[in-house]
Amino acid sequence: MGCNGSTSAKTDEPVKKIIKPKAWKHSEPLTGEQLKQMREEFWDTAPHYGGRKEIWDALRAAAEADLSLAQTIVDSAGIIVQKADLTVCYDERGAKYELPKYVLSDPTNLVRGS
């Protein structure tokens, strides 16, 4: 039987609600194609650095979805969100997943195609 009133320390609690990442700027202007290439390379190699493939797949789906759907995907996969912008997450086994901002949002200096 657990205690109804017990809570964990506020600073270590996982984040419940996902937010849009803060605006960021790449070191040099990127085209949409360059950004797409960077994202593909990240998602292709990320599972090789640890963690479970199904969690990486869920994080990719969440990163590419709107906030409401992303929240549902993360909750359904049992992903523990440490930073609300999804840059740091954990799975139920404690494996850490770090996502770069470029897979979560576009930079402010993205060169829009003509």
Side-chain angles (χ1 to χ4, degrees):
M1 300 264 202
C3 296
N4 286 338
S6 63
T7 59
S8 62
K10 292 276 185 207
T11 57
D12 293 335
E13 279 187 22
V15 175
K16 302 287 189 237
K17 188 165 173 64
I18 296 172
I19 61 169
K20 184 177 176 171
K22 291 180 182 175
W24 64 281
K25 185 176 182 178
H26 193 269
S27 57
E28 59 185 58
L30 293 174
T31 65
E33 193 57 39
Q34 289 171 314
L35 183 61
K36 182 180 175 185
Q37 176 81 24
M38 287 172 62
R39 289 175 175 169
E40 286 298 322
E41 287 175 11
F42 174 79
W43 292 119
D44 287 347
T45 59
H48 300 290
Y49 295 103
R52 298 175 6 222
K53 183 176 182 336
E54 60 270 19
I55 298 297
W56 283 114
D57 291 345
L59 286 169
R60 181 177 188 169
E64 295 173 351
D66 64 48
L67 288 178
S68 175
L69 181 56
Q71 186 73 55
T72 302
I73 292 167
V74 165
D75 292 344
S76 298
I79 296 169
I80 300 158
V81 178
Q82 192 64 42
K83 292 200 174 186
D85 63 1
L86 290 181
T87 54
V88 179
C89 301
Y90 293 87
D91 65 21
E92 294 169 328
R93 296 179 183 172
K96 187 176 185 179
Y97 300 80
E98 293 185 81
L99 303 182
K101 288 183 181 180
Y102 65 82
V103 301
L104 299 167
S105 65
D106 294 346
T108 58
N109 60 340
L110 183 67
V111 177
R112 305 285 176 191
S114 50

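On a predicted model such as this, the values are computed, not experimentally measured, just so you know. For this chain, numbers begin at 1 and follow the sequence in order.
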### Query
Ala84 and Lys17: which non-hydrogen atoms are nearest, and at how many Å?
CB-O, 3.7 Å
### Query
So how far is it from Tyr49 OH to Lys96 NZ, rounded to the nearest 0.5 Å?
16.0 Å
### Task
Any chance you could measure Tyr102, atom OH, to His26, atom NE2, to the nearest 0.5 Å?
8.0 Å
### Query
Between Glu98 and Phe42, which heavy-atom pair has the shortest distance, and what is it?
O-CZ, 3.7 Å
### Query
Roughly how far, to the nearest 0.5 Å, is CD1 of Ile80 from CG of Asp91?
7.5 Å
### Query
For the atom pair CZ (Arg112) and OG1 (Thr31), what is the distance rounded to the nearest 0.5 Å?
11.5 Å
#### Entry: Residue pair Val81, Leu86: steps toward the side chain to side chain contact (heavy atoms under 4.5 Å, CB included) verdict
CA-CA 6 Å; Val81 178; Leu86 290 181; 3.9 Å; yes
### Query
So how far is it from Trp24 CH2 to Lys101 NZ, rounded to the nearest 0.5 Å?
8.5 Å
### Message
For Arg52, is there any backbone N or O sitting under 3.5 Å from a side-chain donor or acceptor partner on Tyr97?
### Response
yes
### Query
Are any of the side-chain heavy atoms of Ile73 and Ser76 separated by less than 4.5 Å?
no
### Minimum heavy-atom distance Leu30-Leu110, with the two atoms named
O-CD1, 3.2 Å
### Query
Among Lys36, Lys25, Lys20, Arg39, whose salt bridge (Lys or Arg N to Asp or Glu O under 4.0 Å) with Asp106 holds?
Arg39
### Task
Grab the two heavy atoms, one from Ala65 and one from Ala70, that are nearest each other, plus how far apart they are.
CB-N, 4.0 Å
### Message
Can you see whether Gln37 engages Glu33 through a side-chain donor-acceptor pair at a distance of less than 3.5 angstrom?
### Response
no
### Query
Taking the side chain from Trp56 and the backbone from Asp44, do they hold a donor-acceptor pair closer than 3.5 Å?
no
### Point-to-point distance, once rounded to the nearest 0.5 Å, from CD of Gln71 to CD1 of Ile19
11.0 Å
### Query
So do Pro21 and Thr87 actually touch side chain to side chain, heavy atoms under 4.5 Å?
no
